[in-house]
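Everything below concerns the one structure shown next.
A, B, ... follow the sequence lines: proteins, then strands. Residue 1 opens every chain. Remember, predicted model here, so these are calculated numbers, not experimental data.
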2 protein chains.
Amino acid sequence: MRSELLKGHLDSLVLALLEEGPLHGYGIIEQLRRRSDEIFDLPEGTVYPALYRLERAGSVTSTSTSVGGRPRRVYRLARPGRTALDASRRDWLQFSSAVTKILRGSPA
Amino acid sequence: MRSELLKGHLDSLVLALLEEGPLHGYGIIEQLRRRSDEIFDLPEGTVYPALYRLERAGSVTSTSTSVGGRPRRVYRLARPGRTALDASRRDWLQFSSAVTKILRGSPA
DNA sequence: CCGCATACCTAGCGACTCTATGCATCGTGT
DNA sequence: ACACGATGCATAGAGTCGCTAGGTATGCGG
């Protein structure tokens, strides 16, 4: 999978995962891989900056905890993030149906 | 519609349009707008560079003609472009189903 | 004790879209 | 006659965002 395809969509995916419960960065990477049937296998250098972006934007909040001596930063969906997620889902439906239509072709 | 969503997908869309016949840059912009129900309203600064990119890559060929005294550059799908289009369609199916799945959420 | 999975962080690069601008022609309205 | 919008191409510069590649550190299995 060409990686530029993901551009602009990653934030929505992360928000959707966080909607179901708190997660830390590494866990997000794993969930994306699992739920996409291995299509999305994102490097940390992609996901962590995305999380910082989302936090700066107020869409998520984070708390640093510790599990088994190892530090962990757990992210939670904030209220503005939920709003953004709703908009993202609408955008995705519009976007994906438009692309599908054009890729299918021949609509006269 | 946030514009970054398009990233990496534009080339496929252009190739799909050209599959149905030759088109010039301006015409491609119009077709994208029409077929997407106005979702895609791309500036020239987006589409023309994309066409140069596709031509450099060998996916399309162009011939400059003239219509009513005005110059026109008409693009045609080349053989490598058809191959790329096939791959793009496969990628899109994988990508879009993965995104839809994750955005829907709660798969256990 | 060596390597792998877990876990976080970040600087710099590369690719792509957009903004803004310039140039030129044609048709329409006044 | 002239202005203005639509048509049509071209390109420099900026901004965004994912990736590469590196660093740090812990726990566990062989």
Sorted by first residue and then second, give each salt bridge (Lys or Arg N to Asp or Glu O under 4.0 Å) pair with at least one member in residues 66-75 of chain A; sequence neighbours left out. none
Partners passing side-chain hydrogen bond (donor to acceptor under 3.5 Å, both in side chains) against E4(A) (at least two apart in sequence or in another chain): R2(A)
Interatomic distance where NE2 belongs to H24(B) and P belongs to dA10(D) [whole Å]: 12 Å
For I28(B) and dT7(D), what is the distance between atoms CD1 and P respectively, to the nearest whole Å? 15 Å
5'-most contact on DNA chain D (nearest-nucleotide basis), G27(B) vs R70(A), goes to G27(B)
Contact check, side chains of L5(A) and K7(B), non-hydrogen atoms, under 4.5 Å: no
Return each pair, listed once, that meets salt bridge (Lys or Arg N to Asp or Glu O under 4.0 Å) where at least one residue sits in residues 53-65 of chain B; pairs must be two or more places apart or across chains. D11(B)-R53(B)
Contact check, residues 71-80 of chain A vs DNA chain C, heavy-atom distance under 4.0 Å, returns P71(A), R72(A), R73(A)
Distance in angstrom units between I29(A) CD1 and dG18(D) P, rounded: 13 Å
Non-neighbouring partners of R82(B) that pass side-chain hydrogen bond (donor to acceptor under 3.5 Å, both in side chains), sequence neighbours left out: none
Tabulate below the donor-acceptor pairs under 3.5 Å that side-chain atoms of residues 36-43 of chain A make, not counting sequence neighbours, or state none.
unit_1: S36(A); atom_1: OG; unit_2: L32(A); atom_2: O; d: 2.7
unit_1: S36(A); atom_1: OG; unit_2: R33(A); atom_2: O; d: 3.3
unit_1: S36(A); atom_1: OG; unit_2: I39(A); atom_2: N; d: 3.2
unit_1: S36(A); atom_1: OG; unit_2: F40(A); atom_2: N; d: 2.8
unit_1: D37(A); atom_1: OD2; unit_2: K101(B); atom_2: NZ; d: 3.2
unit_1: D41(A); atom_1: OD1; unit_2: R33(A); atom_2: NH1; d: 2.8

side-chain hydrogen bond (donor to acceptor under 3.5 Å, both in side chains) filter on R89(B), not counting sequence neighbours, yields E19(B)
Do nucleotides 10-23 of chain C as a string where each nucleotide becomes B, S or -: B if the base has a protein heavy atom under 4.0 Å, S if just the sugar-phosphate does, - if no protein is that close. B---BBBSBB----
Tell me, please, which residues at least two apart from T100(A) pass side-chain hydrogen bond (donor to acceptor under 3.5 Å, both in side chains). W92(B)
Just the rounded figure in Å: distance from C1' of dA5(C) to CZ of R33(A). 11 Å
